[in-house]
Each structure stands twice: as C-alpha cells, then as structure tokens.
**Student:** 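Before anything else, here's the structure in question.
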Amino acid sequence: MQVKHLLLIAILALTAACSSKQPEVDENLSEVELYQQAQADLDNRSYTQAIAKLKALESRYPFGRYAEQAQLELIYAYYKNAEPEAAKSSAERFIRLHPQHANVDYAYYLKGLASFDQDRGLLARFLPLDMTKRDPGAARDSYNEFAQLTSRYPTSRYAPDAKQRMIYLRNLLAAYEVHVGHYYLTRQAYVAAANRGRYVVENFQETPSVGDGLAIMTEAYQRLSLDDLAATSLETLKLNYPDHPSLESGQFVPLEEEADNRSWLAKATLGLIETETPLPPGETRASQDVIRQYEDAAQQIPRELQQDAKTGETAKKRSIWSYLTFGLFD
C-alpha cells in the first residue's frame, strides 16, 4: 500500500472522529426555521448538522407540515454522511409508517443505494480492491432492495437507475461465485467446485461468468474422473463460448494447476525419494486415512466376533482336533 493511501485513510479517520460529536440545536427555533436551516445545511453538504436539525424537527413537531418530508430527507442525509445502517433503518421506518406516501419509492431507492455503497466500503472507494473477492452480503441486499422498487413501482423515476445497478450487482455476485469455485479447485474440493460452477450456470444466465462456471464444472469433473459430465460441460462451453481463456485450439486447458500431493521430502529431493505413492484420480489423503482407520479397526476385532465376509456368520474358535482332521468332523 502506498504512503499516500495511508495518509488519506488517516485523514478520513481523523475527520470522522472530529465530526462524530452531534451539534446542538437551538430550542427556540420554529418548525419553519428548523426546516430552512436543515435545507441550507444539505445544500452546503454539512450533513451532520442537517441530521441534527432534521431529528429535532421530527421530535419537536411530529405532526407538523414538514414532519414527513423531514423523515425522507433524514434518510438522504444519513446516506450522504456515510452512515448506511442509519440510512437503511430510517428508510425502513418511513416505509412502515407511510406505505402509501407519494414518495415512498424514494425511500426504497435510498435503501438500495445505502446497501450498494456499504458493500464498496470506505477503503474500496479509494483503493484498488477486487470487489468480486469480498463478502457479497451487502451487494445481495442491495439487489433485493432494488428488485422490490422495480417490481412495486415499475414506472418510478428511480426504476431505470435501479435496473442498471441490478445488472452490475448480478454480474458481481456471479463473479464472486466463480472466485469461490476457483478457490475450491485449488483446495482439491472438486465436488464443491462443480456445485459452484453449476450454480452460476443455472442462476446467473446472461452474465459474463456463465462461461467461467462451465469451465469450473469441466475441470472439476475431469479431476473427479467423471468423464461423461466433463464431456457434456466441455461441449457446452465450446458451443457457447468458443473464445473462453480455458480453450486453446479447441482443447480444454485447466486454469488451475493440479496440486502437488507429494511429501516435503519428495519435493526436496526432486522425486528421488518417494515416501508415498501418487494418489489415484479423484482420491485424497483424507479418504485413504479413513480406509486405513477402518482396516485397522477391523483387524483389532476378536476372532470369535468376526464375521465371514460371504456368509455373514460369526467365526468360531477351532479346536486342535479340528485342525488335525482338516475340519472334517466340525
């Protein structure tokens, strides 16, 4: 991280700390004066002062002519003051109290915007962070909130912008799933990787990540030696995304290198000393350990309690006479 980025973060943190103290509001101000001063603060981008006056207006004059408008503008002030949780809480309160208000669609829109910017975070606004590798919780909330706006108020003036943001959020959520799928491939969790790839293909159609989902499915099925499923995924990838990076001259090239499961001694000696045999396709050290533990436990069972593998009958202890007569008189 560059020094200028650190300085910028320090300045922002200091500014936030200095502005955290709520300003006092004159108790003698009338409803009109409070509203006018709050409007002036909003115009001057003095959002902390505007919040204090709008809250005072709502509490002192709950049934006044500016009460409902003050609640709406309080949502906006919280949003502009980088307080997303307070903005969403105020928006939910307005929607609950005034579901039939002429401007309730604005509350839905601001609620979605608050979640949209919350996912980006303060650092992401100034630092080159990859949003597809971050927790998509707020992005998912924002998408759902914009979806509520566009479904309930399709003719709203805010619906076109909400739809454009939904396209971006959907692409972001799909790219996140692809990132998780690649992570599972590197960890040799091939079943989980295949499921992530299939989830992208089934739920994020018409996004740029569908081809990546098919590539993840193909690679995971190949690692699992599921040849039929791998061939089907590969044919679909070739048919729909012939220029995908995983295809070279029509041949599939895995994007993730196969993990080296050799011991540290084998790696250090460049394979001259192999302490363990290579794993069969689709098998892991963990599965081998489970099988080994089962075999060890089976050998420790007393002979008189062991069952014949074919008949299922419990083995009986043979006498000396039985051994001498080769079991003819058992």
**Student:** Could you name each residue pair satisfying side-chain hydrogen bond (donor to acceptor under 3.5 Å, both in side chains) that touches residues 226-238, not counting sequence neighbours?
**Tutor:**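 side-chain hydrogen bond (donor to acceptor under 3.5 Å, both in side chains) check on residues 226-238 returns no pairs.
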
**Student:** Answer yes or no: is there a side-chain heavy-atom contact under 4.5 Å between E68 and L72?
**Tutor:**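 SC-SC contact between E68 and L72 ruled out.
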
**Student:** Are any non-hydrogen side-chain atoms of V201 and M217 less than 4.5 angstrom apart?
**Tutor:**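 SC-SC contact between V201 and M217 confirmed.
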
**Student:** Establish whether I167 and F146 are linked, either directly or via other cluster members, by ILVMFWY side-chain heavy-atom contacts under 4.5 Å.
**Tutor:** no

**Student:** For a quick test of reading the model, state the closest non-hydrogen atom pair linking A87 to A114 and the distance between them.
**Tutor:**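 So the two residues come closest at CB-CB, 4.1 Å.
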
**Student:** Nearest 0.5 Å, please: how far is CD in E219 from CG in L224?
**Tutor:** 11.0 Å

**Student:** Just by distance, no angles: are the side chains of E73 and Q69 close enough, under 3.5 Å, to form a donor-acceptor pair?
**Tutor:**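 On atom types as modelled, these side chains qualify, holding a pair under 3.5 Å.
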
**Student:** Where is the tightest heavy-atom contact between A50 and A38, given as atom of each residue plus distance?
**Tutor:**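 Heavy-atom minimum between the residues: CB-O, 3.9 Å.
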
**Student:** For L34 and R60, what are the C-alpha separation, side-chain angles and deciding distance, and is it a side-chain contact (heavy atoms from CB on, under 4.5 Å)?
**Tutor:** CA-CA 10 Å; L34 273 174; R60 296 177 191 177; 4.0 Å; yes

**Student:** Look only at the side chain of S89 and the backbone of E85, and say whether a donor-acceptor pair between them is shorter than 3.5 Å.
**Tutor:**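 Flag not set: sc S89 to bb E85 has no pair under 3.5 Å.
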
**Student:** Just by distance, do the side chain of E31 and the backbone of R65 share a donor-acceptor pair under 3.5 Å?
**Tutor:**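 Yes, E31 side chain to R65 backbone: donor-acceptor pair under 3.5 Å.
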
**Student:** Enumerate the residue pairs fulfilling ring-ring contact (aromatic ring centres under 6.0 Å, His included) with a member in residues 35-56, sequence neighbours excluded, ordered by first and then second residue.
**Tutor:**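 Matches after skipping sequence neighbours: Y35-Y66.
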
**Student:** Residues two or more places apart in sequence or in another chain: which of them pass side chain to side chain donor-acceptor pair (under 3.5 Å) with Y221?
**Tutor:**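 Side chain to side chain donor-acceptor pair (under 3.5 Å) list for Y221, sorted by chain: empty.
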
**Student:** Given side chains that start at C-beta, do those of S209 and F204 come closer than 4.5 Å, heavy atoms only?
**Tutor:** no

**Student:** What closest approach, in Å, do L149 and A162 show between heavy atoms, and which atom pair accounts for it?
**Tutor:**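 Closest pair (atom of L149, atom of A162, distance): CD2-CB, 3.9 Å.
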
**Student:** Could you check if a side-chain atom of L110 sits within less than 4.5 angstrom of a side-chain atom of Y78, using non-hydrogen atoms only?
**Tutor:** no

**Student:** Decide whether D105 and S156 meet the rule of one side-chain donor and one side-chain acceptor closer than 3.5 Å.
**Tutor:**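 There is such a pair between these side chains.
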
**Student:** Calculate, to the nearest 0.5 Å, the distance between atoms CG and OG belonging to L57 and S30 respectively.
**Tutor:**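 Those atoms lie 9.5 Å apart.
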
**Student:** N103 and H101: which non-hydrogen atoms are nearest, and at how many Å?
**Tutor:** N-ND1, 2.9 Å

**Student:** For residues Y153 and A159, report the shortest heavy-atom separation together with the two atoms involved.
**Tutor:** O-CB, 3.9 Å

**Student:** Does K88 come within less than 4.0 Å of E92, counting only side-chain N to carboxylate O?
**Tutor:**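 Not counted as a salt bridge, because no side-chain N and carboxylate O are separated by less than 4.0 Å.
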
**Student:** Find out if a path of hydrophobic residues (ILVMFWY) with successive side-chain heavy-atom gaps under 4.5 Å connects L97 to I95.
**Tutor:** no

**Student:** Could I get the full list of side chain to side chain donor-acceptor pair (under 3.5 Å) partners for E145, not counting sequence neighbours?
**Tutor:** S115

**Student:** Would you mind checking if E202 and R198 are paired as a salt bridge, meaning a charged N to carboxylate O distance below 4.0 Å?
**Tutor:** yes

**Student:** Is there a side chain to side chain donor-acceptor pair (under 3.5 Å) between H244 and D212 once you walk through the steps?
**Tutor:** CA-CA 8 Å; H244 193 269; D212 298 328; 2.7 Å; yes

**Student:** Donor-acceptor check, side chain of S142 to backbone of G112, threshold 3.5 angstrom: yes or no?
**Tutor:** yes

**Student:** Report yes if the side chains of D141 and F116 come closer than 4.5 Å at any heavy-atom pair, otherwise no.
**Tutor:**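 Result no, sub-4.5 Å side-chain heavy-atom pair not found.
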
**Student:** Y76 vs Y79 aromatic rings, parallel, tilted or perpendicular, using cut-offs 30° and 60°?
**Tutor:**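 Y76 vs Y79 ring planes: tilted.
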
**Student:** For the CD atom on E206, are there more than 12 heavy atoms of other groups (residues, nucleotides or ligands in this structure) within a distance under 6.0 Å?
**Tutor:** no

**Student:** So do the side chains of S246 and L237 get within less than 4.5 Å of each other, counting heavy atoms only?
**Tutor:**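 Side chain of S246 against side chain of L237, heavy atoms only: contact under 4.5 Å found.
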
**Student:** How long is the span from the CG atom in L173 to the CG atom in N203, to the nearest 0.5 Å?
**Tutor:** 11.0 Å

**Student:** Taking Q164 for the side chain and P160 for the main chain, is one N or O donor matched with an acceptor at less than 3.5 Å?
**Tutor:**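 No: the side chain of Q164 does not pair with the backbone of P160.
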
**Student:** Kindly state each residue pair satisfying salt bridge (charged side-chain N to carboxylate O under 4.0 Å, His left out) with at least one member in residues 185-197, sequence neighbours excluded.
**Tutor:**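 Residue pairs passing salt bridge (charged side-chain N to carboxylate O under 4.0 Å, His left out), neighbours aside: E177-R196.
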
**Student:** How far does CD of Q37 sit from CG of L54, to the nearest 0.5 angstrom?
**Tutor:** 11.0 Å

**Student:** Checking Y176 against L172 for the side-chain contact (heavy atoms from CB on, under 4.5 Å) test, could you report, in this order, the C-alpha distance in whole Å, the side-chain angles of both residues, the deciding distance, and whether it holds?
**Tutor:** CA-CA 6 Å; Y176 173 79; L172 182 67; 5.9 Å; no

**Student:** Verify, without hydrogens or angle tests, whether N195 (side chain) and V191 (backbone) share a donor-acceptor contact under 3.5 angstrom.
**Tutor:** yes

**Student:** Does a side-chain heavy-atom distance below 4.5 Å link L234 with L247?
**Tutor:**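 Yes, side chains in contact.
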
**Student:** Tell me, do I75 and Y106 make a side-chain contact under 4.5 Å, heavy atoms counted?
**Tutor:**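 Sidechains of Y106 and I75: no contact.
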
**Student:** Show the numbers, then the answer: is there a side-chain contact (heavy atoms from CB on, under 4.5 Å) between R93 and Q71?
**Tutor:** CA-CA 9 Å; R93 178 171 176 266; Q71 293 175 11; 4.1 Å; yes

**Student:** Roughly how far apart are Q36 CD and D41 CG, rounded to 0.5 Å?
**Tutor:** 12.0 Å

**Student:** How many angstroms lie between CZ in R157 and OG1 in T155, if you round to the nearest 0.5 Å?
**Tutor:** 12.5 Å

**Student:** What residues, two or more places apart in sequence or in another chain, satisfy side chain to side chain donor-acceptor pair (under 3.5 Å) together with N144?
**Tutor:** none

**Student:** Do D161 and Y109 meet the criterion of a side-chain donor-acceptor pair at a distance under 3.5 Å?
**Tutor:** yes

**Student:** If every non-hydrogen atom of A77 is compared with every non-hydrogen atom of L42, which pair is closest and at what distance?
**Tutor:** CB-CD2, 4.0 Å

